[in-house]
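This report refers to the structure that appears directly beneath it.
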Amino acid sequence: EGPDAKREGPLEYSFCQHVVAQAAPMVVTDARQHPLVYDNRAVIEDGVLAYAGIPLVSSEGHALGSFCAFDTKPHEWSERDLQILQDLAQAAMTEIELRLAGRMLEEQREQLGQLLDNTDELVARFGLDGALIYANAAWRRLLGNPPATPVAGYHLARLSGVGREEFKTAWEDAQEGVRSDDLEIGFTLPSGDTALIQLRLVPNVTQGQVRGIRVYGQGLTTDAGYG
């Protein structure tokens, strides 16, 4: 294949359409003698005479495309040639599915973020070191935006003193995987006022290990003289 060779063409020129339709490999040694493609315009106009294509099959069993090689002269494809194509096709399909999964995960994350930003409940996620990783809109309106760079120990930064020891005990329990009861904790607001917030701590457990701590709450009072 020369440096100026075409990399794509009209569907009616495509040998790959047969691979996708049959969801099976297609090996053509001499296209002029092959019943499916002897009159294909790629043979007549572009001189494609040999082709080997492996279907790109999703984990759900759908043929999405073909990973192929071609030649402008008759070619006997060896077992090694076909194995290399098979390996490359599998690697390509893995990459495609990883990208699709990443895109779907990002869309789900965005949808969840929008949902959480439209609730009046305070929602935040902390690392085990107390760094604030995520705060929804209700949390940010009441307690301010989290630091641009997560800061360890931030879970204690805005406690006003009321319920501080209960919160610290509940935090240590959550680190061990124990969900807290509802707590009434005093927080210092960005304005300098104080607020009493009812909240609960929920361990974020994945694969049997505590990876972080989620905090859910609602404001009970806001009072410049409280605390």
If the condition is ring pair (Phe, Tyr, Trp, His ring centres under 6.0 Å), which residues does His75 pass it with, not counting sequence neighbours?
Trp77
Among residues two or more places apart or on two chains, list those pairs meeting side chain to side chain donor-acceptor pair (under 3.5 Å) that have a residue in residues 112-128.
Glu121-Arg200
State yes or no: do Tyr216 and Leu116 share one hydrophobic cluster built from I, L, V, M, F, W and Y residues joined by side-chain heavy-atom distances below 4.5 Å, directly or via other members?
yes
Kindly work out whether a path of hydrophobic side-chain contacts (I/L/V/M/F/W/Y, heavy atoms less than 4.5 Å apart) joins Leu88 to Ile54.
yes
With clusters defined by side-chain heavy atoms of hydrophobic residues (ILVMFWY) lying less than 4.5 Å apart, directly or transitively, does Tyr38 cluster with Phe15?
no
Partners meeting side-chain contact (heavy atoms from CB on, under 4.5 Å) with Val57 (sequence neighbours left out)
Pro55
Go through the steps for Arg80 and Ile84 under the test side-chain contact (heavy atoms from CB on, under 4.5 Å), then give the verdict.
CA-CA 6 Å; Arg80 183 173 181 274; Ile84 290 173; 3.7 Å; yes
Test of understanding: with side-chain hydrogen bond (donor to acceptor under 3.5 Å, both in side chains), list the residues that count as partners of Asn204, not counting sequence neighbours.
Arg214
Which is it for Asp173 and Thr169 under the side-chain contact (heavy atoms from CB on, under 4.5 Å) test, yes or no, and what are the steps along the way?
CA-CA 6 Å; Asp173 290 342; Thr169 298; 4.0 Å; yes
Can you list the residues that meet the salt bridge (charged side-chain N to carboxylate O under 4.0 Å, His left out) rule with Glu95, with sequence neighbours excluded?
Arg99
Counting only heavy atoms not in Glu110 (residues, nucleotides, ligands), do more than 12 fall under 6.0 Å from its CD?
yes
Roughly how far apart are Leu159 CG and Ile197 CD1, rounded to 0.5 Å?
9.5 Å
Closest heavy-atom contact between Asp129 and Ala131?
OD1-N, 3.0 Å
Ignoring hydrogens, what is the shortest heavy-atom contact between Ile133 and Gly127? Give both atom names and the distance.
CD1-N, 3.5 Å
Which side-chain N or O atoms in residues 174-189 pair as donor and acceptor under 3.5 Å with protein atoms at least two apart or in another chain?
unit_1 : atom_1 : unit_2 : atom_2 : d
Gln175 : NE2    : Leu128 : O      : 2.9
Ser180 : OG     : Leu201 : N      : 2.8

Tell me every residue that passes side-chain hydrogen bond (donor to acceptor under 3.5 Å, both in side chains) with Glu60, counting only those two or more places apart in sequence or in another chain.
none
Residue set satisfying side-chain hydrogen bond (donor to acceptor under 3.5 Å, both in side chains) with Gln198, at least two apart, ordered chain then number -> Gln218
Apply ring pair (Phe, Tyr, Trp, His ring centres under 6.0 Å) to His34 and list each qualifying residue two or more places apart in sequence or on a separate chain.
none
Output all residues satisfying side-chain contact (heavy atoms from CB on, under 4.5 Å) with Cys68, sequence neighbours left out; order by chain, then residue number.
Cys16, Tyr51, Ser66
Would a distance-only check, ignoring hydrogens and angles, find a side-chain to backbone donor-acceptor pair under 3.5 Å from Glu76 to Thr29?
no
Are Ile96 and Leu85 in one and the same hydrophobic cluster, where Ile, Leu, Val, Met, Phe, Trp and Tyr link if side-chain heavy atoms are under 4.5 Å apart?
yes
Is Val205 reachable from Leu112 through a run of hydrophobic residues whose side-chain heavy atoms are each under 4.5 Å from the next?
no
Considering all heavy atoms of both residues, which atom of Thr72 and which atom of Leu49 are nearest to each other, and what is their separation?
O-CD1, 3.6 Å
Taking the side chain as C-beta and beyond, is there a heavy-atom pair between Met93 and Ser59 under 4.5 Å?
no
Counting C-beta onward and ignoring hydrogens, is there a side-chain heavy-atom pair between Leu122 and Leu142 closer than 4.5 Å?
yes
Between the main-chain N or O of Val48 and the side-chain N or O of Asp46, is there a donor-acceptor pair closer than 3.5 Å?
no
Stepwise, does the side-chain contact (heavy atoms from CB on, under 4.5 Å) test hold for Asp30 with Lys73?
CA-CA 8 Å; Asp30 187 338; Lys73 58 182 180 295; over 6 Å; no
Ignoring hydrogens, what is the shortest heavy-atom contact between Ala92 and Leu56? Give both atom names and the distance.
CB-CD2, 4.2 Å
Set of residues satisfying side-chain hydrogen bond (donor to acceptor under 3.5 Å, both in side chains) with respect to Arg109, sequence neighbours excluded
Glu106
For Val123 and Val215, what are the C-alpha separation, side-chain angles and deciding distance, and is it a side-chain contact (heavy atoms from CB on, under 4.5 Å)?
CA-CA 6 Å; Val123 181; Val215 179; over 6 Å; no
Applied to residues 142-172, the ring-ring contact (aromatic ring centres under 6.0 Å, His included) test, sequence neighbours excluded, yields Phe126-Trp171, His155-Trp171
Which heavy atom in Ala124 sits nearest to a heavy atom in Leu132, and how many Å separate them?
CB-CD1, 3.8 Å
